[in-house]
> 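To start, I am sharing the structure in question, which I have written as structure tokens.
Throughout, a chain's letter reflects where its sequence line sits, starting with A, and its residues are numbered from 1.
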There are 2 protein chains.
Amino acid sequence: MCPPDDLNAEARRHAERFQRVREAHQTELAEDYVELIAHLIEETGEARVVDLAGWLGVTNATVNNTIQRLQRDGLVTTKPYRSIFLTDAGRELAEQSRKRHDIVREFLIALGVDSQTADIDAEGIEHHVSSATLKAFAKFVNKARRST
Amino acid sequence: MCPPDDLNAEARRHAERFQRVREAHQTELAEDYVELIAHLIEETGEARVVDLAGWLGVTNATVNNTIQRLQRDGLVTTKPYRSIFLTDAGRELAEQSRKRHDIVREFLIALGVDSQTADIDAEGIEHHVSSATLKAFAKFVNKARRST
DNA sequence: ACAACATCTTAGCAAGGGCTAAATTTAGGT
DNA sequence: ACCTAAATTTAGCCCTTGCTAAGATGTTGT
């Protein structure tokens with residue numbers, strides 16, 4: 001009797017979007033960690049638990065837990081009481097995250113947001129930007145650059 | 001002996017940003033729920049567990065859990081086996097979330113992102129946009145509107 | 001009125017991600 | 001070489017956010 005009702009279709013689409021956001025959440029922390037680890041290795045030669053804890057604003061114990069999970073997931077390697085290294089997968093994820101982060105940050109600045117706010121917001125936004133949107137951001141940055 | 005070292009200052013700023021993102025995460029779900037509840041009440045007259053579950057893509061039991069927490073936190077009211085209502089605080093949060101969501105979505109579209117991608121990305125981005133950035137987004141949308 | 005069905009709730013489980021406190025190991029200074 | 005301080009790990013706790021399965025309650029059609 002009922003026509004295939006559009007309300008359900010809308011609900012379904014909505015639900016899909018939510019599932020996607022939930023999935024993104026699961027990779028956020030991993031991205032932040034590998035990005036930071038790559039940065040520390042580049043800048044200081046090594047990544048230690050205590051440094052990560054300081055940069056992330058959490059305790060050493062928390063970092064340790066998380067590193068175990070990242071190791072389980074094949075993103076980092078480490079031996080007891082030693083510093084942390086990225087696997088190939090970890091390095092790749094780190095590189096990709098860094099690029100995205102930079103584009104988002106530059107985009108916000110090009111849009112007229114002050115650089116401190118850009119730093120803060122980029123940290124949250126970067127994990128939720130699809131490649132299509134990222135492309136649009138990059139295009140805008142380039143256009144803004146050319147016109148100055 | 002050491003000069004107040006800038007590495008630590010950078011680390012401190014980084015840690016603050018992270019803490020802010022972590023805080024945002026704690027309010028995300030609440031925002032999504034009240035936004036959806038407001039929408040359902042407006043469109044269908046009431047918000048029921050089963051509808052929320054369908055729109056969010058989770059089970060009824062999960063919705064129920066979350067609603068308990070939201071009630072504890074003063075955002076919704078409900079009685080056993082009855083539908084869900086927003087408190088004043090809940091309504092306010094819903095309204096604010098809806099506005100932010102809409103601006104982000106319109107902004108992405110104005111930037112040239114296709115509307116389906118805009119729908120998806122807005123869902124993730126909206127919770128991480130400061131009021132300064134939101135203002136910049138709104139300004140861009142208005143400018144784009146005037147120039148067409 | 002009441003049986004069947006839908007909805008809601010409860011109970012119990014798991015993983016993620018945070019904490020503190022208490023080992024344990026490593027590294028540095030004398 | 002050894003003692004101490006720093007770093008790391010472990011253990012045990014908490015809350016959130018998801019799930020399934022089972023029980024309780026409402027609603028509806030005949």
> How long is the span from the CZ atom in B:Arg69 to the CG atom in B:Asn64, to the nearest 0.5 Å?
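Those atoms lie 11.0 Å apart.
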> Tell me every residue that passes side-chain contact (heavy atoms from CB on, under 4.5 Å) with A:Ile67, counting only those two or more places apart in sequence or in another chain.
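Partners of A:Ile67 by the side-chain contact (heavy atoms from CB on, under 4.5 Å) criterion, ordered by chain and then number, come out as A:Tyr33, A:Ile37, A:Leu52, A:Val63, A:Leu70, A:Val76, A:Thr78, A:Ile84.
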> Can you tell me how far C1' of C:dA6 sits from CG of B:Asp51, to the nearest Å?
12 Å
> With a strict under 4.0 Å distance from non-hydrogen atoms of chain B, what nucleotide opens and what nucleotide closes the contacted stretch of DNA chain D, reading 5' to 3'?
D:dT16 to D:dT27
> Can you tell me which residue pairs pass the salt bridge (Lys or Arg N to Asp or Glu O under 4.0 Å) test with a partner in residues 43-65 of chain B, sequence neighbours excluded?
B:Glu46-B:Arg48
> Which residues pass the side-chain contact (heavy atoms from CB on, under 4.5 Å) test with B:Asp114, sequence neighbours left out?
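Once residues adjacent in sequence are excluded, the partners of B:Asp114 under the side-chain contact (heavy atoms from CB on, under 4.5 Å) criterion are B:Gln116, B:Thr117.
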> What's the CZ-P distance between B:Arg82 and C:dA6, to the nearest Å?
19 Å
> Can you list the other members of the hydrophobic cluster that holds B:Val104, where links are side-chain heavy atoms under 4.5 angstrom apart?
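Its cluster partners, ordered by chain and number, are A:Ile103, A:Val104, A:Phe107, A:Leu108, A:Leu111, A:Val113, A:Ile125, A:Val129, A:Leu134, A:Phe137, A:Phe140, A:Val141, B:Ile103, B:Phe107, B:Leu108, B:Leu111, B:Val113, B:Ile125, B:Val129, B:Leu134, B:Phe137, B:Phe140, B:Val141.
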> For B:Glu28, what residues pass the salt bridge (Lys or Arg N to Asp or Glu O under 4.0 Å) criterion, not counting sequence neighbours?
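Salt bridge (Lys or Arg N to Asp or Glu O under 4.0 Å) list for B:Glu28, sorted by chain: empty.
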> Looking at DNA chain D, which of residues 19-27 of chain B put a heavy atom within less than 4.0 Å of it?
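DNA chain D contact set from residues 19-27 of chain B: none.
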> Contact list please: residues 58-73 of chain B against DNA chain D, heavy atoms, distance less than 4.0 Å, in numerical order.
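Here the set is B:Val58, B:Thr59, B:Ala61, B:Thr62, B:Asn65, B:Arg69, B:Arg72.
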> For residues 126-148 of chain A, which residue pairs pass the salt bridge (Lys or Arg N to Asp or Glu O under 4.0 Å) check, not counting sequence neighbours?
A:Glu106-A:Arg145
> Clusters formed by hydrophobic residues whose side-chain heavy atoms approach within less than 4.5 Å: which one holds B:Ile109, and what are its other members?
none
> Starting at the 5' end of DNA chain D and moving along, which residue's nearest nucleotide shows up first, B:Arg48 or A:Pro80?
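Whichever sits nearer the 5' end wins; that is A:Pro80.
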> Taking side-chain contact (heavy atoms from CB on, under 4.5 Å) as the definition, give me every residue that meets it alongside B:Arg98, ordered by chain and number, with sequence neighbours left out.
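B:Arg98 satisfies side-chain contact (heavy atoms from CB on, under 4.5 Å) with B:Glu35, B:Glu95, B:Asp102 only.
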> Let me spell it out: for each of A:Tyr33 and A:Tyr81, pick the nucleotide of DNA chain C with the closest heavy atom. Which residue's pick is nearer the 5' end?
A:Tyr33
> Could you note down all residue pairs passing salt bridge (Lys or Arg N to Asp or Glu O under 4.0 Å) where residues 80-90 of chain A supplies at least one of them, sequence neighbours left out?
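Non-adjacent pairs meeting salt bridge (Lys or Arg N to Asp or Glu O under 4.0 Å): A:Asp88-A:Arg91.
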